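These notes concern the structure reproduced below.
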Protein chains: 2
Amino acid sequence: MKRRPVRADPYHKLREAIVSGQLHPNERLVEAAIAERIGAGRTAVRAALVRLDQEGLVELERNRGARVRHISDGEALEIEEVRAVLEAMLARRAATRVSAEGLSALRQVMIQMRERVAAGDSIGYSELNATFHQTIWTAAGHPTASRLVAGLKSQGIRFQYQTALRPGRAERSLREHEAIFAALKAHDGDAAEAAMREHLAEVLDTLRWAIDTQHRTARWLPG
Amino acid sequence: MKRRPVRADPYHKLREAIVSGQLHPNERLVEAAIAERIGAGRTAVRAALVRLDQEGLVELERNRGARVRHISDGEALEIEEVRAVLEAMLARRAATRVSAEGLSALRQVMIQMRERVAAGDSIGYSELNATFHQTIWTAAGHPTASRLVAGLKSQGIRFQYQTALRPGRAERSLREHEAIFAALKAHDGDAAEAAMREHLAEVLDTLRWAIDTQHRTARWLPG
DNA sequence: ATCCTCAATAATGTCGACAATTCGGCAAGG
DNA sequence: CCTTGCCGAATTGTCGACATTATTGAGGAT
């Protein structure tokens with residue numbers, strides 16, 4: 001009857017380590033080392049690496065081991081682009097299907113987001129942002145699309161911290177979320193899709209800005 | 001230097017067996033049996049099952065083995081819905097990026113499709129259909145979206161045979177493809193996205209028809 | 001007759017060991 | 001000085017054996 005928590009599963013441990021940035025892109029993942037580090041057998045680690053490879057978080061080359069997959073700038077833009085069209089679809093669906101409880105949950109998140117923006121807490125806002133979007137996925141009742149979007153999000157997470165750094169981004173993002181929330185509350189599918197689309201177009205722009213800024217900084221501070 | 005072909009890989013063998021329908025939905029996949037059947041070790045089969053589980057073609061339950069994942073009617077519709085928005089995006093992109101070679105390839109496929117329709121060869125047409133869409137994915141130059149769409153297609157493949165059975169479907173489908181091709185040739189992104197969207201909306205309708213027909217038939221021929 | 005218990009069985013999960021492969025350095029040759 | 005071939009360390013790929021877990025069926029109690 002003793003079922004150990006999921007956190008003991010090498011897959012979840014490794015996944016967390018990669019997504020949280022403890023393991024860096026292109027870092028080699030030696031099976032034996034990982035096995036000892038997280039207290040598991042090499043077999044379990046191997047299975048976890050296969051899953052993460054299929055998921056796109058790890059790159060697995062035959063006879064050459066595994067490494068944390070490096071998501072290039074261009075690929076990050078692609079990911080965000082796909083996320084945009086999928087979330088737009090989900091927003092439309094959510095508008096017609098969202099329950100009273102769903103709207104209530106969204107309202108709570110909106111209230112907290114306003115607080116964070118007022119307090120100038122960018123990273124707290126960012127976390128609430130994730131919650132907001134996830135709530136919409138749930139409301140849409142579309143497991144297939146939700147799975148894909150969740151996977152994409154985990155791949156692009158490395159870039160999402162940088163987008164929060166843009167001046168005035170939080171305030172603008174908050175206004176966009178208000179529009180999405182209003183459309184959902186009104187059960188207006190067209191408006192919800194349009195608002196979400198506009199929001200994610202902005203996110204894409206911000207991402208381009210972040211990438212560009214990074215390049216400039218790198219050029220100015222060589223070595 | 002002897003590199004055995006990919007077909008020897010248990011993953012590809014199993015995948016092919018599932019997608020081609022040799023292994024039926026909900027059929028149990030006993031590791032030892034498969035290992036002997038395809039001449040591989042249990043370890044390799046195990047790794048293949050993990051990959052296929054992550055891919056959505058196999059369902060893996062802890063301590064309870066693997067079975068071919070059964071895609072429900074509702075899930076098939078969800079898959080097609082997601083495929084529609086992704087392919088619409090890819091069509092738009094392809095319109096602005098397609099090369100002369102890409103257009104030439106599409107033209108060739110169109111010619112053959114017209115032949116098949118004229119000959120009343122539904123399944124030959126269906127195969128060309130797949131080629132047509134894949135060519136567009138390639139032209140779009142969007143690996144991230146292409147990967148996702150390819151994965152979705154393999155999951156929904158069981159239903160695609162049924163859609164070809166609808167009377168007059170091939171002729172209508174051909175006209176829709178002509179519209180898509182024309183938009184791509186004109187490098188008109190808006191038109192390409194719209195044409196693809198309309199096409200896949202039709203496919204979705206046909207899928208609903210196929211599922212409905214199946215249910216009626218099942219009721220009329222019980223047991 | 002029905003339900004419960006419990007052993008028998010079959011399959012999966014895990015571990016250790018060994019074979020196969022890659023990669024680095026190093027020496028010989030051009 | 002650069003290239004080529006080879007050896008050895010490190011790592012992955014594979015196999016077999018065993019432990020663990022679910023399932024099944026018989027037998028007995030109610």
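We use all heavy atoms of the structure for the numbers below, so side chains are in, but hydrogens, waters and symmetry mates are not. In this text the structure is predicted, and so the values were computed from the model without any measurement. Naming: A, B, ... by sequence-line order, numbering from 1 per chain.
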Taking OP1 and OP2 of dT12(D), is either one under 4.0 Å from a side-chain nitrogen or oxygen of Arg67(A)? no
Arg64(A) vs dT12(D): side-chain N/O to OP1/OP2 distance below 4.0 Å: no
What's the separation between atom NE2 in His70(B) and atom CZ in Arg158(B), rounded to the nearest 0.5 Å? 5.5 Å
Just to be sure I understand the rule, does Leu49(B) reach a base, reach only the sugar-phosphate, or reach nothing, if contact means heavy atoms closer than 4.0 Å? nothing
Quick one: CD on Glu16(B) to CG on Asp9(B), what's the gap to the nearest 0.5 Å? 12.5 Å
Suppose we screen for ring-ring contact (aromatic ring centres under 6.0 Å, His included). Which residues come up paired with His199(B), at least two apart in sequence or across chains? His133(B), His177(B)
What is the distance from atom CG of Leu204(A) to atom CD of Glu81(A), rounded to the nearest 0.5 Å? 6.5 Å
Kindly state which residues belonging to residues 30-48 of chain B come within less than 4.0 angstrom of DNA chain D, counting heavy atoms of the residue only, listed by number. Gly41(B), Arg42(B), Thr43(B)
Return a table of donor-acceptor pairs under 3.5 angstrom between the side chains of residues 34-46 of chain B and protein atoms on other chains or two or more places apart.
unit_1	atom_1	unit_2	atom_2	d
Arg42(B)	NH1	Glu31(B)	OE1	2.7
Arg46(B)	NH1	Glu31(B)	OE1	3.3
Arg46(B)	NH1	Glu31(B)	OE2	2.6

CD/Gln54(A) to CG/Leu52(B) distance, rounded to the nearest 0.5 angstrom? 7.5 Å
Atom-to-atom span, CG of Asn63(A) to P of dT21(C) - whole angstrom: 7 Å
Just distance, no hydrogens or angles: give the donor-acceptor pairs under 3.5 Å from side chains in residues 147-156 of chain B, sequence neighbours left out.
unit_1	atom_1	unit_2	atom_2	d
Lys153(B)	NZ	Gln160(B)	OE1	3.4
Ser154(B)	OG	Arg15(B)	NH2	3.4
Ser154(B)	OG	Gly151(B)	O	2.7
Gln155(B)	NE2	Glu55(B)	O	3.0

By the 4.0 Å heavy-atom rule, please label Leu60(B) as base, sugar-phosphate, or nothing. nothing
Arg62(B) vs dT14(C): side-chain N/O to OP1/OP2 distance below 4.0 Å: yes
OH of Tyr11(A) versus P of dG13(C): gap in Å, rounded? 16 Å
Please tell me if the side chains of Phe159(A) and Ile79(A) come closer than 4.5 Å, counting only heavy atoms from C-beta onward. no
Could you tell me which residues satisfy salt bridge (charged side-chain N to carboxylate O under 4.0 Å, His left out) with Arg64(A), sequence neighbours excluded, listed by chain and number? Glu61(A)
Within the sub-3.5 Å range, which N or O atoms of nucleotides 8-10 of chain D have a protein N or O partner, and how far apart are they?
none

Write down the distance between CG (Asp53(B)) and P (dT12(C)), rounded to a whole number of angstrom. 14 Å
